[in-house]
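Note that ligands are numbered from 1 as they come in the structure, with each ligand's atoms numbered from 1 the same way. For the numbers below, each heavy atom of this structure counts, side chains included, while hydrogens, waters and symmetry mates do not.
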Amino acid sequence: MTDYANEPAVANLRDYLRIRSVHPNINYNECLTYLRRQAVELGLPVQVVEAVPRKPVLVMTWEGLEPNLPSILLNSHMDVVPVFEKSWTYPPFEARIVDGVIYARGVQDMKTTGVQYIEAVRRLKSRGIRLKRTLHLSFVPDEEVGGHNGMSEFVKTDHFRNLNIGFALDEGLASPDDNFVVYNAERSIWHVTVTCPGK
Ligand SMILES: [Zn+2]
């Protein structure tokens, strides 16, 4: 079997999984330190926006050849839901590999996605590839508790507006078979409230 642990991308994911960004009362500093290190390695500038104090949003930016075009946003959340440690076969923040499987809170939802974005950029850049559009990698807090102090405030800021986003990717869901699940949406979400007061 391939020695997964020696794959740099896997090792990088495991480093992220070992950060206990678990609810409640998350201190995101360790995530920021980790992500800043990634950005330095990738040679990408970083901005950290706290629309709400201690609820940082970190954005790495890979400028495209035509930076005036609307950009692509690759978003992920840094937080994970709590654990019942006693119910786990392996410690949830150790990121142990057993038979090629990584056991950790956050490995599906969704630190793996954040690291896949990073590693994809790393590989593209290492091959000297340049993209036409600017790519932003955003890492947001508090998605698992509704994002009220995270993404939902960030999108109201000038920082967000200035990213000039044309299209965004975010998490999907794990699939138990060979089909991949994609949440699709087009035009705009249309939530309608109908009130019938009667008479
Ligand atoms: Zn998630």
Subject >> Test item: Arg18 side-chain N/O and Phe93 main-chain N/O as donor-acceptor pair under 3.5 Å >> reply: no

Original post:
Leu137 and Leu32: same hydrophobic cluster, using ILVMFWY side-chain contacts below 4.5 Å?
Top reply: yes

**OP:** With Ser21 as reference, evaluate Glu144, Glu30, Lys111 under the side chain to side chain contact (heavy atoms under 4.5 Å, CB included) test and give the passing residue.
**Re:** Lys111

**OP:** At a cut-off of 2.8 Å, list the protein N/O/S atoms near the Zn ion (ligand 1), residue plus atom name.
**Re:** His77 NE2, Asp109 OD1, Glu171 OE1, Glu171 OE2

Original post:
So, the side chain of Arg161 versus the backbone of Lys156: is there a donor-acceptor pair under 3.5 Å, distance only?
Top reply: yes

Original post:
Is it true that a side-chain atom of Arg14 and a backbone atom of Ala95 form a donor plus acceptor pair closer than 3.5 Å?
Top reply: yes

**OP:** Scan side-chain atoms only and decide if Asn75 and Ser138 contain a donor-acceptor pair under the 3.5 Å cut-off.
**Re:** yes

